[in-house]
> 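Below you'll find the structure I mean.
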Amino acid sequence: MAAIEAPEDRIFAALASPVRREVLRLLCEEGSQPVQRLAGHFDMARPSFSEHLKALREAGLVSERKVGRQRLYRLEAVPLNEVQEWLSPFERFWREKLTGLRDLLDSMDDDAS
């Protein structure tokens with residue numbers, strides 16, 4: 001019996017690809033775009049690029065809207081909140097470690113004077 005994939009697993013799987021991260025960056029910075037314009041940023045066959053878009057759609061990170069003969073893609077950033085919540089404890093961990101390092105280095109500067 002296959003395990004049911006959790007929504008956050010799809011999000012992390014989608015973010016694992018540099019191509020998909022770049023698509024998200026483009027949509028974030030430039031807004032909604034037709035698939036042809038997005039695909040123009042990548043040197044790959046159209047079916048391969050479509051698979052990347054499918055993974056992003058299934059993760060809920062992009063939405064697709066048909067306008068005439070074009071398919072427009074738009075960033076859906078809400079699922080990224082789940083990623084941010086998951087990463088939050090690690091961010092606190094590293095912030096504490098870096099603060100400790102800063103304090104140690106600051107005390108070493110005082111000792112060297």
Side-chain angles (χ1 to χ4, degrees):
M1 185 168 164
I4 297 174
E5 189 175 84
E8 59 271 11
D9 292 340
R10 284 190 184 157
I11 295 167
F12 281 106
L15 294 174
S17 164
V19 170
R20 294 191 285 265
R21 290 193 307 268
E22 179 64 8
V23 169
L24 294 176
R25 185 193 67 76
L26 290 166
L27 293 173
C28 180
E29 292 179 0
E30 300 175 15
S32 297
Q33 296 182 45
V35 67
Q36 297 86 349
R37 189 162 125 204
L38 283 170
H41 291 277
F42 303 94
D43 185 25
M44 66 177 61
R46 185 69 177 268
S48 297
F49 186 69
S50 292
E51 286 297 313
H52 287 290
L53 292 175
K54 179 181 177 187
L56 290 169
R57 276 193 321 271
E58 289 177 351
L61 293 168
V62 299
S63 60
E64 176 188 67
R65 180 171 59 103
K66 194 167 182 177
V67 178
R69 292 172 32 160
Q70 289 188 333
R71 294 187 184 277
L72 292 176
Y73 280 82
R74 176 180 146 192
L75 174 66
E76 299 294 342
V78 171
L80 293 173
N81 286 333
E82 291 180 39
V83 173
Q84 185 176 11
E85 288 173 14
W86 188 85
L87 288 172
S88 181
F90 300 100
E91 182 182 350
R92 283 192 301 274
F93 170 83
W94 283 111
R95 193 176 321 119
E96 290 170 8
K97 296 294 182 190
L98 291 172
T99 298
L101 177 60
R102 183 193 67 216
D103 294 345
L104 174 65
L105 293 173
D106 285 348
S107 72
M108 290 174 71
D109 287 345
D110 292 341
D111 293 341
S113 302

> Give a yes or no on this: more than 12 heavy atoms of other residues, nucleotides or ligands lie within 6.0 Å of atom CG of Asp103.
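Correct, the count exceeds 12.
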> If you look at every heavy atom in Gln33 and Leu38, which pair is closest and at what distance?
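Nearest pair, atom of Gln33 first, then Leu38: OE1-CD2, 3.7 Å.
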> Would you say Arg74 has more than 12 foreign heavy atoms packed within less than 6.0 Å of its CZ?
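At most 12 heavy atoms, drawn from other residues, nucleotides or ligands, come within 6.0 Å of this atom.
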> Shortest non-hydrogen contact from Ser17 to His52?
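Scanning both residues, the minimum pair turns out to be OG-CE1, 3.5 Å.
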> Hey, any chance Val78 and Ile11 share a hydrophobic cluster, counting ILVMFWY side chains that come within less than 4.5 Å of each other, even indirectly?
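In one cluster with Val78: Ile11, no.
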> Mind listing the closest non-hydrogen atom pair of Arg46 and Ala39 along with its distance?
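Scanning both residues completely, I find the closest heavy atoms to be CD-CB, 4.4 Å.
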> Is there side-chain contact between Thr99 and Glu96, with at least one heavy-atom pair below 4.5 Å?
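Contact flag for Thr99/Glu96 side chains = no.
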> Identify every side-chain donor-acceptor pair in residues 55-64 under 3.5 Å, counting partners at least two apart or on other chains, and give the distances.
unit_1 : atom_1 : unit_2 : atom_2 : d
Arg57  : NH1    : Tyr73  : OH     : 2.8
Ser63  : OG     : Glu76  : OE2    : 2.7
Glu64  : OE2    : Tyr73  : OH     : 2.5

> In the structure I gave you, are the side-chain heavy atoms of Arg71 and Leu53 within less than 4.5 Å of one another anywhere?
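Arg71 does not reach Leu53 side chain to side chain.
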> Please list, one pair per line, the donor and acceptor atoms closer than 3.5 Å that link side chains of residues 82-91 to other protein atoms, with sequence neighbours excluded.
unit_1 : atom_1 : unit_2 : atom_2 : d
Ser88  : OG     : Arg92  : NH1    : 2.9
Glu91  : OE2    : Arg95  : NH2    : 3.1

> Do you reckon Leu72 sits in the same ILVMFWY cluster as Val23, going by side-chain contacts under 4.5 Å, direct or chained?
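Leu72 does not cluster with Val23.
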> Answer yes or no: is there a side-chain heavy-atom contact under 4.5 Å between Glu22 and Phe42?
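SC-SC contact between Glu22 and Phe42 confirmed.
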